[in-house]
Amino acid sequence: MTPPKKTYVLKLYVAGNTPNSVRALRMLNDILEREFQGVYALKVIDVFKNPQLAEEDKILATPTLSKILPPPVRKIIGDLSNREKVLIGLDLLYEELTEHGADI
C-alpha cells in the first residue's frame with residue numbers, strides 16, 4: 001500500500017499580464033504538471049485587482065509564489081525560471097533526493 005501523496009496549496013501573486021508574470025505562470029504550470037501531477041491547488045492573484053490580498057499576505061514584489069501547504073510556508077520571488085530553485089523552495093527536490101537515497 002502506497003502512502004497518500006501530499007497535496008500542495010499554492011498562491012501565485014502576479015502584477016497583471018507583465019512579461020515576468022506571464023513567464024512565472026507558464027513555468028509554474030509546467031512544473032506542477034510534471035512534478036505534482038494533480039496533487040496541488042493553485043490560486044493566481046493579480047495584485048492590481050486584489051491589492052488587499054497582497055497586503056494581507058505581506059507580498060512586496062511580484063511575481064511571488066507562496067506555498068501554503070504542506071508546512072512550512074515558503075515564498076519564492078521571481079519568474080520561476082530556475083526549476084531547481086522552485087523545486088527546492090517547494091520542498092519537492094529535497095524529498096526526491098532523500099527518497100532515492102542520495103546524500104545531501
Mind running side chain to side chain contact (heavy atoms under 4.5 Å, CB included) on I88 and V86 for me, showing each step along the way?
CA-CA 5 Å; I88 290 170; V86 173; over 6 Å; no
Measure the spacing between [atom1] of [X] and [atom2] of [Y] and express it to the nearest 0.5 Å.
X   : Y   : atom1 : atom2 : answer
I59 : I45 : CD1   : CD1   : 8.0 Å
L65 : I77 : CG    : CD1   : 10.5 Å
L80 : L25 : CG    : CG    : 9.0 Å

Using atom types as modelled, flag every donor-acceptor pair under 3.5 Å from a side chain in residues 17-24 to any protein atom, sequence neighbours excluded.
from : atom 1 : to  : atom 2 : distance (Å)
T18  : OG1    : S21 : N      : 3.2
T18  : OG1    : S21 : OG     : 2.9
N20  : OD1    : R23 : NH1    : 2.7
S21  : OG     : A15 : N      : 3.1
R23  : NH1    : D79 : OD2    : 2.9

Which pairs, with at least one residue in residues 63-78 and sequence neighbours excluded, count as a side chain to side chain donor-acceptor pair (under 3.5 Å)?
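As it turns out, the side chain to side chain donor-acceptor pair (under 3.5 Å) pairs with a partner in residues 63-78, which skip direct neighbours, are K67-D91, R74-D91.
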Report yes if some heavy atom in the side chain of I31 is under 4.5 Å from a heavy atom in the side chain of R83; otherwise report no.
yes
Answer whether the closest heavy-atom distance between the side chains of L10 and L12 falls below 4.5 Å.
no
Side chains of Y40 and E33: donor-acceptor distance under 3.5 Å anywhere?
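Side-chain D/A pair, Y40 to E33: present.
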Test side-chain hydrogen bond (donor to acceptor under 3.5 Å, both in side chains) applied to E55 - qualifying residues, sequence neighbours left out
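side-chain hydrogen bond (donor to acceptor under 3.5 Å, both in side chains) list for E55, sorted by chain: empty.
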Mind checking side-chain hydrogen bond (donor to acceptor under 3.5 Å, both in side chains) for D57 and listing every partner two or more places apart, or none if nothing turns up?
K11, Y13
Please tabulate, for side-chain N and O atoms in residues 46-53, each donor-acceptor pair with protein atoms closer than 3.5 Å (sequence neighbours left out).
from : atom 1 : to  : atom 2 : distance (Å)
D46  : OD1    : G16 : N      : 3.1
D46  : OD1    : F48 : N      : 2.9
D46  : OD2    : G16 : N      : 3.4

Through direct or indirect side-chain contacts below 4.5 angstrom among Ile, Leu, Val, Met, Phe, Trp and Tyr, which residues connect to V9?
I68, L69
Between D30 and R34, does any side-chain N to carboxylate O distance fall below 4.0 Å?
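Salt bridge present between D30 and R34.
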State, to 0.1 Å, how close I76 and G89 come at their nearest heavy-atom pair, and which atoms those are.
CD1-CA, 3.9 Å
